[in-house]
Amino acid sequence: EIVIKNKKKQSIKYRANRQIKQWKENLITINNKLLSARICLDMENEQYLNFIERLNKDRDRVDYFPDFTSVTLHRVFNNSSIDEGGRFFGGWWQSIPREYRKFIDINYKPTEEVDYSGHHIRILYSIDNKNLEGEPYEVEDESRNTQEFIDERKIATLVMLNCSSYTEAHETLKTMGYKSSKFLMNEIIHRHEPIKDNFFTGIGNKLMNEDSKIAEEVMLRMIKLGHVILPVHDSFIVRNSATFELKPIMEDVFNKYYKNKTILKTKETSLEWDNEQTKIKGNTNLDDENFLKHYNDNRTIVNSIWDPS
């Protein structure tokens with residue numbers, strides 16, 4: 001489904017042109033592949049209960065559980081324009097805290113998530129024919145390059161790109177709990193002097209349109225190779241055996257549209273996580289005729305939800 005919303009976030013009626021019809025066909029291809037797969041979490045019971053507690057705390061609820069059957073995607077365009085927004089939404093994996101995405105498995109196999117690092121900043125530098133030196137969220141003052149400060153600058157940068165004025169961005173960051181929002185914004189402006197004119201212009205929706213264009217092409221090319229691929233806007237989750245094909249495709253698609261080099265980062269995987277994530281599988285060969293017995297004898301809450309029989 002293609003959804004177009006106005007500035008009040010209300011869905012509007014539209015006439016499907018050739019481009020929209022093509023997007024709809026591509027969505028069918030993407031969703032059919034997602035529906036063919038078992039996309040779940042590989043977690044021990046204690047981890048799953050902690051995960052559910054975290055989800056409900058974030059939502060101020062006590063009854064929220066992820067629906068592992070919610071895998072089909074739709075696209076949402078903004079401001080009554082197909083040139084703004086366009087990102088893919090609907091997959092349950094998009095609504096869980098990012099630190100839990102490492103536990104996603106696809107058809108019983110562990111996954112990896114590969115991220116376009118500093119995606120919107122790199123796109124802007126390329127559009128403006130400028131070169132980005134160093135990491136986009138690091139600054140000259142090394143004492144302010146801790147992970148906490150880097151994460152703050154990531155969020156603040158997105159706010160500055162999505163807001164239409166300095167005042168709006170300042171108030172938004174204050175509402176989010178940033179006490180030194182003016183210092184933070186000025187630090188980012190100084191760091192990205194070559195593209196500073198893009199801040200506070202509301203360009204964020206157009207950048208989302210750019211990254212959605214990239215996401216669609218990356219997904220279609222991976223599906224053509226037979227892989228299931230889960231989008232999280234500017235990152236993608238695949239079985240870890242498919243990462244060697246995903247990375248060159250991500251680079252190639254980015255370079256198709258932009259002259260600057262992109263940087264890809266692989267996020268921490270469950271295989272790197274110091275726990276007992278492989279307890280269900282153990283050393284069992286998934287092709288072994290005894291696998292189903294082993295699986296049913298070692299059921300966790302997660303796979304009981306997925307397959308309650």
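Values below: all heavy atoms of this structure, side chains included; hydrogens, waters and symmetry mates excluded.
Hydrophobic clustering, with ILVMFWY side chains joined whenever heavy atoms are under 4.5 angstrom apart, groups Ile188 together with Leu207. By the rule that hydrophobic residues join a cluster once side-chain heavy atoms approach within less than 4.5 Å of another member, Tyr166 and Ile155 end up as members of one cluster. Placement of Trp23 and Val3 in two distinct hydrophobic clusters is found when ILVMFWY residues are connected by side-chain heavy-atom separations under 4.5 Å, directly or transitively. With hydrophobic clusters built from ILVMFWY side chains whose heavy atoms lie under 4.5 angstrom apart, Ile263 does not share a cluster with Ile249. When the side chains of ILVMFWY residues are joined at heavy-atom separations under 4.5 Å, either directly or via intervening members, Tyr48 and Ile106 end up in a single hydrophobic cluster.
Between the side chain of Tyr257 and the backbone N or O of Glu210 there is no donor-acceptor pair closer than 3.5 Å. Looking at Ser126, its side chain never comes within 3.5 Å of a backbone N or O of Ile123 through a donor-acceptor pair. Between the side chain of Gln47 and the main chain of Glu44, a donor-acceptor pair closer than 3.5 Å is present. A donor-acceptor contact shorter than 3.5 Å links the side chain of Thr111 to the backbone of Ile104. In this structure, the side chain of Asn162 engages the main chain of Leu158 through a donor-acceptor pair within 3.5 Å. Within the 3.5 Å criterion, the main-chain N or O of Val71 finds no donor-acceptor partner in the side chain of Trp93. Side chain of Gln94 to main chain of Gly90: a donor-acceptor pair is present (N/O by atom type, distance under 3.5 Å, no hydrogens or angles). Proximity of a side-chain donor or acceptor of Asn260 to a complementary backbone N or O of Lys130 within less than 3.5 Å is detected. Between the side chain of Asp105 and the backbone N or O of Pro110, no donor-acceptor pair lies under 3.5 Å.
Phe88 contributes atom CZ, which lies 13.0 Å from atom CG of Leu230 (distance to the nearest 0.5 angstrom). Between Glu268 atom CD and Arg98 atom CZ the span is 12.0 Å, to the nearest 0.5 Å. One distance of note links CG of Asp234 with CZ of Arg87; it measures 6.0 Å at 0.5 Å rounding. For the atom pair CG of Asn79 and NZ of Lys7, the computed distance is 5.5 Å after rounding to the nearest 0.5 Å. Summarising the geometry, atom OG belonging to Ser36 is positioned 9.0 Å from atom CD1 belonging to Ile223; distances are rounded to the nearest 0.5 Å. One distance of note links CD1 of Ile189 with NZ of Lys196; it measures 8.0 Å at 0.5 Å rounding.
Side-chain contact check for Ile214 versus Met250: every heavy-atom pair is 4.5 Å or farther apart. Residues Leu246 and Val218 form a side-chain contact, since some pair of their non-hydrogen atoms from C-beta on lies under 4.5 Å apart. For the pair Arg221 and Asp252, the minimum side-chain heavy-atom distance is below 4.5 Å. With a 4.5 Å cut-off on side-chain heavy atoms, Pro136 and Tyr125 do not count as touching. Taking 4.5 Å as the limit, every side-chain heavy atom of Tyr14 sits out of range of all side-chain heavy atoms of Phe77. Residues Glu251 and Thr262 form a side-chain contact, since some pair of their non-hydrogen atoms from C-beta on lies under 4.5 Å apart. Side-chain atoms of Tyr178 and Thr172, non-hydrogen and from C-beta on, never get closer than 4.5 Å to each other. Within the 4.5 Å cutoff, side-chain heavy atoms of Thr157 are placed close to those of Tyr137.
Within 6.0 Å of NE2 on His74 lie more than 12 heavy atoms contributed by other residues, nucleotides or ligands. In this structure, Glu53 places its CD atom where only 12 or fewer heavy-atom neighbours from other residues, nucleotides or ligands lie under 6.0 Å away. Atom NZ of Lys259 is surrounded by more than 12 heavy atoms from other residues, nucleotides or ligands within 6.0 Å.
The nearest pair of heavy atoms linking Leu55 to Pro97 is CD2-CD, 3.4 Å. Shortest non-hydrogen contact noted between Arg122 and Ser117 is NE-O, 2.6 Å. The nearest pair of heavy atoms linking Asn78 to Gly85 is ND2-CA, 3.7 Å. Heavy atoms only, all atoms of each residue included: Ser212 and Gly86 are closest at CB-O, 3.2 Å. Scanning all heavy atoms of the two residues, the minimum distance from Lys33 to Gly226 falls at NZ-O, 3.3 Å. Residues Lys174 and Ser181 share a closest heavy-atom pair of CG-OG, 3.8 Å.
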Show the numbers, then the answer: is there a side chain to side chain contact (heavy atoms under 4.5 Å, CB included) between Asp128 and Asp197? CA-CA 10 Å; Asp128 287 358; Asp197 290 343; over 6 Å; no

Could you walk me through whether Phe149 and Val139 pass side chain to side chain contact (heavy atoms under 4.5 Å, CB included), step by step? CA-CA 10 Å; Phe149 286 134; Val139 294; over 6 Å; no

Please determine whether side chain to side chain contact (heavy atoms under 4.5 Å, CB included) holds for the pair Glu168 and Phe200, giving the CA-CA distance in whole Å, both sets of side-chain angles, and the decisive distance to 0.1 Å. CA-CA 8 Å; Glu168 182 188 359; Phe200 318 117; over 6 Å; no

Verdict with supporting geometry, Val228 and Arg239, side chain to side chain contact (heavy atoms under 4.5 Å, CB included): CA-CA 8 Å; Val228 176; Arg239 282 167 56 160; over 6 Å; no

Quick one: do Asn50 and Glu46 satisfy side-chain hydrogen bond (donor to acceptor under 3.5 Å, both in side chains)? Show the steps, please. CA-CA 6 Å; Asn50 290 336; Glu46 184 177 355; 4.5 Å; no

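With no hydrogens or angles considered, a side-chain donor-acceptor pair links Asn26 and Gln22 at under 3.5 Å. Counted by atom type alone, Asp67 and Thr69 present one or more donor-acceptor pairs between their side chains at under 3.5 Å.
Each of Arg153, His192, Lys182 was evaluated against Glu187; a single residue qualifies, Arg153, per the side chain to side chain donor-acceptor pair (under 3.5 Å) test. When each of Lys9, Gln10, Lys8 is paired with Asn6, the side chain to side chain donor-acceptor pair (under 3.5 Å) condition holds for Gln10 and for no other.
Ring-plane geometry between Phe254 and Tyr116 is classed as tilted, the angle between the planes lying from 30 to 60 degrees on a 0 to 90 degree scale.
A salt bridge links Arg75 with Glu216: the closest approach of a Lys/Arg side-chain nitrogen to an acidic carboxylate oxygen falls below 4.0 angstrom.
In this structure, Phe89 has its ring center closer than 6.0 angstrom to the ring center of His233.
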